[in-house]
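The figures here come from the full heavy-atom set of this structure, side chains too, leaving out hydrogens, waters and symmetry mates. Just so it is clear: chains get the letters A, B, ... in the order the sequence lines come, proteins before strands, and each one is counted from 1.
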Amino acid sequence: MSSGTPSSGAPRYRFAPSPTGFFHVGGARTALYNWALAKKSGGTFVLRIEDTDEARNRPEWTEGIVDALEWIGISRDDATFEGPYFQSEYASEHVAAAERLYREGHAYYCDLTSEQIQERSKASGKPGYDGYSRDRGLEAGPGRVLRFRVPPGVTVVDDLVRGRVEFQNDTIEDFVLLRGNGSPMFLLANVVDDVSMRITHVVRAEEHLPNTPKQQLLWEALGHTPPTWAHVPVLVNEQRKKLSKRRDKVALEQYRAEGYLADAMVNYLMTLGWAPQGETEIVPWSQIQAQFRLEDVNHSPAFFDLKKLAAFNGEYIRAMSIDDFVEACAPWLHGDAVPWSADSFDPAVFRALAELVQTRIVTLSEVPALVDFMFLESPTLDPVAWDKTFASPESTSMLRSARDAYGASDWHAESLKTATENCGTALGLKLGKAQAPVRVAVTGRTVGPPLFEALELLGRDDVLRRLDAALQRLN
RNA sequence: GCCCCCAUCGUCUAGUGGCCUAGGACACCACCCUUUCAAGGUGGCGGCACGGGUUCGAAUCCCGUUGGGGGUGCCA
């Protein structure tokens, strides 16, 4: 680590999440910002996963972040991965930096306990630490914390998103650098890591803005020019509160598991706080990357709207070729969660139905419920659908006459439709009404893919068997 | 309490002093299409928080008010 500014060379954007067991959608958006900027500038995306006590025992948390990033297109081969850094094997570097600050007069030791600080604060009526030990000349010692000596004046944070933000230094208390046990605080470690990794751009959520003057002061005291800051607005829920794990569905992994497409998620995330040029917001990543600028990012928090995400996902699903769609469905058609047995699944049948399924879903997880009747011995009857449909006597008559007509009909969707129409006409039913009993008898539900195509695929034997079973049930 | 940020349809946004009678998207409503449900098509509803300035002219600039949010640990 040398002093001076290594401002020459390509920019280095760091993304520094702390592992918490899941990857936050807000974090995903920030990562995407860093990624887009790094790529378009020919710079580097540096992933530095912060270490925590809890995460140290759970390496899968860290792995989860890398996985999630890869899912949204931030490939592990194309990013610089560093970490976990903070507080582990690099702690000595952090302590050394702190001691240097002490030697050079930028920091001092203090022996006040937090109780004593609270008492003093209460007595004076001013919140926080009052700088009691600034000039007491204390040496290092057990139980003594090292505090930063905040200089007088004003700290100006030049922010690419917010512009110029001024902080009066006398509103910043002398914050702790080293704890009483000598271990470094996060804030210090963070800055030292940024310095030693030659980070030039820090793009992160707005919630960190109030801490920025402290970090900038540290950069300067350490003899370096601070990085370019950019604080992007947070994502909020319907109550306009920052998205939280307890209340909101924030795990990126969860959206993946529910059948959201990475491209749709990425596109949607990028429309929060920013908009691509042109009349449509559904745009490929290449265009986003080319157009994205921090200067254009909004200043106000954005509501993470599940409905709009769903709409995006539906659009992306419909835009897929049949081959791609069939392939994307694969994980949802096999495995333990699927209601049918593995050997009764027929890929050719699914393939024939795929086009009809594609316009009817918002997430891939909805696929099985639309096609299950094709692969089950007998359909799973929805009791509500059954009762509703067969409440009227003509439904039974319709079913009976359809059964006879199908027995004699050509087995093609068009002929089956005509046959059904004719049966309906005889009973005074339009096709919409006429097909309902058949649909429920064959598929178990009132809604689903177009019926006659499905009947053709199922085959005469299977269909007649199901109609008979339904008729029997009605007796 | 103190510090900081924010403010265009319900929501996400376009808008950088005249092109704004404020544009698009999601949601919602209606109609068309239709074998259910979707998809698709057409149309509709709906907004510059408020009050003062500056200016020939303000959604856009300034000030204030109100309302939101965030930060304030020997947490990360």
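The existence of a salt bridge linking A:E366 and A:R360 is excluded, since no basic side-chain nitrogen approaches an acidic carboxylate oxygen closer than 4.0 Å. In this structure, A:R466 pairs ionically with A:D462, as a charged nitrogen and a carboxylate oxygen lie closer than 4.0 Å. Ion pair A:D174/A:R149 not flagged as a salt bridge, since none of the NZ, NE, NH1 or NH2 atoms sits closer than 4.0 Å to an Asp/Glu carboxylate oxygen. Of the charged side-chain nitrogens involved, none lies within less than 4.0 Å of a carboxylate oxygen, so that A:K417 and A:E453 do not count as a salt-bridged pair. A salt bridge does not link A:R445 to A:D382: none of the charged nitrogens lies less than 4.0 Å from a carboxylate oxygen. With respect to the salt-bridge test (charged N to carboxylate O, under 4.0 angstrom), the residues A:D194 and A:R48 qualify. A salt bridge does not link A:D193 to A:R14: none of the charged side-chain nitrogens sits closer than 4.0 Å to a carboxylate oxygen. Looking at A:E281 and A:K308, a side-chain N of the basic residue comes within less than 4.0 Å of a carboxylate O on the acidic one, giving a salt bridge.
Counting non-hydrogen atoms under 4.0 angstrom, A:L416 reaches nothing in the nucleic acid. Counting any heavy atom pair closer than 4.0 Å across all strands shown, A:V176 reaches sugar-phosphate atoms only and no base atom. Heavy atoms of A:N181 sit nowhere under 4.0 angstrom from any nucleic acid atom. Using a 4.0 Å heavy-atom distance criterion, A:G273 is classed as a sugar-phosphate-only contact. Among the protein residues, A:R147 comes within range of the sugar-phosphate backbone only, with heavy atoms under 4.0 Å from sugar or phosphate atoms but none that close to a base. Note on A:K433: nothing from the nucleic acid sits closer than 4.0 angstrom, heavy atoms only. Heavy atoms of A:K430 sit nowhere under 4.0 angstrom from any nucleic acid atom.
For B:A76, one of the phosphate oxygens OP1 or OP2 lies less than 4.0 angstrom from a side-chain nitrogen or oxygen of A:R179. Note on A:R240: every side-chain N or O is 4.0 Å or more away from OP1 and OP2 of B:G10.
Using modelled atom types, one finds a donor on one side chain and an acceptor on the other under 3.5 Å when comparing A:R204 with A:H231. Residues A:N313 and A:Y268 bring no donor and acceptor atom of their side chains to less than 3.5 Å of each other.
Distance noted for atom P between B:C12 and B:C2: 30 Å (whole Å). Rounded to a whole angstrom, the distance from the P atom of B:C9 to that of B:A14 is 13 Å. Comparing the same atom, C1', in B:U42 and in B:U34 gives a spacing of 16 Å after rounding to whole Å. B:U55 and B:U66: their C1' atoms are spaced 26 Å apart (whole Å). Atom name C1', nucleotides B:G52 and B:U16: the rounded distance is 23 Å, in whole Å. Taking atom C1' in both B:A27 and B:U65, one finds a spacing of 33 Å when rounded to whole Å. With both ends at atom P, the span from B:C5 to B:C63 equals 12 Å, rounded to whole Å. Here, B:G70 and B:G47 have their C1' atoms 26 Å apart, quoted to the whole Å.
Of the residues near RNA chain B, A:R29 and A:V161, the one whose nearest nucleotide (by heavy atom distance) lies more toward the 5' end is A:V161. Mapped onto RNA chain B by nearest heavy atom, A:P276 and A:G180 fall at different nucleotides, with A:P276 at the one closer to the 5' end.
A 6.0 Å sphere centred on CD of A:E139 holds no more than 12 heavy atoms belonging to other residues, nucleotides or ligands. Remark: A:K388 NZ is loosely packed, at most 12 non-hydrogen atoms of other residues, nucleotides or ligands lying under 6.0 Å away.
As the counterpart of B:A27, no nucleotide is assigned, since no Watson-Crick or G-U wobble pattern has both distances under 3.5 Å. Using Watson-Crick or G-U wobble geometry with both donor-acceptor distances under 3.5 Å, B:G73 finds no partner in any strand shown. Searching all strands for a Watson-Crick or G-U wobble partner of B:A58 with both distances below 3.5 Å returns nothing. Partner assigned to B:G64 is B:C50, using Watson-Crick or G-U wobble distances below 3.5 angstrom.
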Enumerate the protein-to-nucleotides 2-5 of chain B contacts in which both atoms are nitrogen or oxygen and the separation is below 3.5 Å.
{"unit_1": "B:C5", "atom_1": "O2'", "unit_2": "A:R162", "atom_2": "NH1", "d": "2.6"}
{"unit_1": "B:C5", "atom_1": "O2'", "unit_2": "A:E206", "atom_2": "OE2", "d": "2.7"}

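Summarising the geometry, the separation between CZ on A:R247 and P on B:G69 is reported as 12 Å, rounded to the nearest angstrom. Atom P of nucleotide B:C74 and atom CG of A:L187 are separated by 12 Å, given to the nearest angstrom. Across the protein-nucleic acid pair, A:N211 atom CG and B:G73 atom C1' stand 11 Å apart, rounded to whole Å. With rounding to whole Å, A:Q277 atom CD is found 13 Å from B:U16 atom P. One interatomic measurement links the two molecules: CZ of A:F148 to P of B:G73, which rounds to 17 Å at whole-angstrom precision.
Checking B:A76, B:C12, B:G71 against every side-chain atom of A:E207, the shortest atom distance belongs to B:G71. Considering only side-chain atoms of A:F186, the nucleotide from B:G69, B:A76, B:C12 that sits closest is B:A76.
Looking at residues 114-124 of chain A, you'll see that no heavy atom sits under 4.0 Å from any atom of RNA chain B.
The aromatic rings of A:Y102 and A:Y109 sit perpendicular, their planes meeting at an angle over 60°, well past the 30° parallel limit.
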Using a 4.0 Å heavy-atom cut-off, write out nucleotides 23-44 of chain B from 5' to 3' as B (base contacted by protein), S (sugar-phosphate only) or - (no contact). -BBSS-------BBBBSS----

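Taken from CD in A:E63 to CD1 in A:I49, the straight-line distance is 8.5 Å, to the nearest 0.5 Å.
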